[in-house]
2 protein chains.
Amino acid sequence: MSANSRLTIAAHALAWIGLYQRQGHEVATSEQIAPSANTNPVVIRRLLGDLRRAGLVESRRGVGAGWSLARDLESITLLDVYEAVEPGPLFALHRAAPDPGCVVGHGIQPAMQRVYDGVEEALRRELARVTLEDVLQDVLAAPR
Amino acid sequence: MSANSRLTIAAHALAWIGLYQRQGHEVATSEQIAPSANTNPVVIRRLLGDLRRAGLVESRRGVGAGWSLARDLESITLLDVYEAVEPGPLFALHRAAPDPGCVVGHGIQPAMQRVYDGVEEALRRELARVTLEDVLQDVLAAPR
DNA sequence: GTTGTCGCAACTGTAGTTGTTACGACAGGC
DNA sequence: GCCTGTCGTAACAACTACAGTTGCGACAAC
C-alpha cells in the first residue's frame, strides 16, 4: 500500500540529533543529517519543520544555525512523531459516496469507520509504547 | 497518507454479495455491485479477483454468471480481506539505504523494522476481531 | 557586507490507485 | 452453430502522494 517512509526518516533525524548533542554539539544541520539518511537536506528540513510545529525540535537561523531537540528523547514517543508527520487516516472510505438508496451503501460507511477507528487506536497504542530513547538504544546495540 | 480505499470497497462488495444471496439469489454480478459502491464494474472485478485468489469468493462465467461467497460471512474476518487486497507493508524503511558508516544509519533499519513488525501485528489482531457478519449486522442496524 | 543556514516555493520523476474502454474467453439458450 | 451476458485482463488516462532537486529570500553571527 502506501510504502511511505516519512516516519522512518523523521525518527532517523531525531535519533541523529539526540546522539550528536550527547557528543557535546549544540545544534545539528540538515546538511549533516541528510547523508546519514541518504536523502536530500530539503527533505530533512521539511520533516523537521513538521516536528518543530509539533514542538519536538527547535531551529535557529543565521551563521552557526541548526536544529536541536526541544524535549528529551525519553519523553518523545513514536506516536508523537507519527502525529507530526502523517496527516491523514490509514484507511479511506469510498472515494465517491456509495448509493444511499441501497441498504449496504447506506450503512457501510459508519460501520467501516468504527472499525478503522479501532484499528488506528491500536496502532497509536503500539507507537506510544516506544520512545526515541528506546530506538536510539536499539540502534547503538546493533552488531558492528 | 495512503488514502487507499481498497479494503473499504472489498468489504462493501462481500457484504453486498452475502446479503444478496440471503435474499435467495445464486450469484451477484459486478455490474450490480458497482452502482452500490459508486464505482466501476472493472474495479469490483479486480478486487473480487484478489479475493478469489485468496479463496474467499468464487466466480462463474458465461450466461447467468457472477460471483458467490466461497465461505460464510461469519468465517471471513477483515484480516482475511486485508491480506487479500493490500500487498505491501504499512510503513516503509528508507527508500535509499542509509549510510552504513554512520552509527545511526547502520542500526536504524533493524530497530525500526522491529517497531513496524509490532505495529502491523497489532493492526492484524484488530482486523481479525471483526468478521464480515459483524460488518453486515452493523450495516443493517444503521438508522434509516 | 560576507557567510552559512533555515524557510519555502516551484518543478520534476516515480509510483500507486482509480476510472474507463476495449476485447477475448467462456457457457448457456436458442 | 450463433447469440448473448458475464468474467478476465490488458491498455491507457487522470489524479494523488511522496521524494528529489533547484533556487532564492530571510536571518543572524562575525
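A quick note: this is a predicted structure, and the numbers were derived from the prediction, not measured. In the text below, chain A, chain B and the rest are named by the order of the sequence lines, each starting its count at 1.
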Without decimals, in angstroms, what is the distance between [X] [atom1] and [N] [atom2]?
{"X": "Trp67(B)", "N": "dT6(D)", "atom1": "CH2", "atom2": "P", "value": "13 Å"}
{"X": "Glu31(A)", "N": "dT21(D)", "atom1": "CD", "atom2": "C1'", "value": "13 Å"}
{"X": "Gln32(A)", "N": "dT5(C)", "atom1": "CD", "atom2": "C1'", "value": "11 Å"}
{"X": "Arg52(A)", "N": "dT5(C)", "atom1": "CZ", "atom2": "P", "value": "17 Å"}
{"X": "Asn4(B)", "N": "dC18(D)", "atom1": "CG", "atom2": "C1'", "value": "15 Å"}
{"X": "Glu26(A)", "N": "dA28(D)", "atom1": "CD", "atom2": "C1'", "value": "15 Å"}
{"X": "Arg95(B)", "N": "dG20(D)", "atom1": "CZ", "atom2": "C1'", "value": "9 Å"}
{"X": "Ile9(B)", "N": "dT17(C)", "atom1": "CD1", "atom2": "C1'", "value": "11 Å"}

Check your understanding: Where do Arg52(A) and Leu48(A) land on the side-chain contact (heavy atoms from CB on, under 4.5 Å) test, with the steps shown first?
Key -> CA-CA 6 Å; Arg52(A) 176 169 43 75; Leu48(A) 288 179; over 6 Å; no

Exercise for review: Using modelled atom types only, decide if a donor and an acceptor are shared between the side chain of His106(A) and the backbone of Pro143(B) within a distance under 3.5 Å.
Suggested key: yes

Review point. Under the 3.5 angstrom rule, does the side chain of Glu120(A) hit a backbone N or O of Leu90(A) as a donor-acceptor pair?
Key: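 Yes, because the side chain of Glu120(A) sits within donor-acceptor range (under 3.5 Å) of the backbone of Leu90(A).
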
Can you see whether [X] engages [Y] through a side-chain donor-acceptor pair at a distance of less than 3.5 angstrom?
{"X": "Arg45(A)", "Y": "Ser30(A)", "value": "yes"}
{"X": "Thr131(A)", "Y": "Asp134(A)", "value": "yes"}
{"X": "Tyr82(A)", "Y": "Thr77(A)", "value": "no"}

Revision key, fill the gap. Each nucleotide of nucleotides 20-30 of chain C classed B (base within 4.0 Å of a protein heavy atom), S (only sugar-phosphate) or -, in 5' to 3' order, makes BBB-BBBBB--

On the nucleotide [N], are OP1 or OP2 found under 4.0 Å from the side-chain N or O atoms that [X] carries?
{"X": "Thr29(B)", "N": "dG5(D)", "answer": "no"}
{"X": "Ser59(B)", "N": "dG8(D)", "answer": "yes"}
{"X": "Ser5(B)", "N": "dT18(C)", "answer": "yes"}

Review point. Does a side-chain N-to-carboxylate-O contact under 4.0 Å join Asp50(B) and Arg53(B)?
Key: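 Salt bridge present between Asp50(B) and Arg53(B).
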
Practice item. Have a look at Gly66(B) and say if it touches a base, only the backbone sugar-phosphate, or nothing, with a 4.0 Å heavy-atom cut-off. Key: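 Here Gly66(B) touches the backbone only, sparing every base.
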
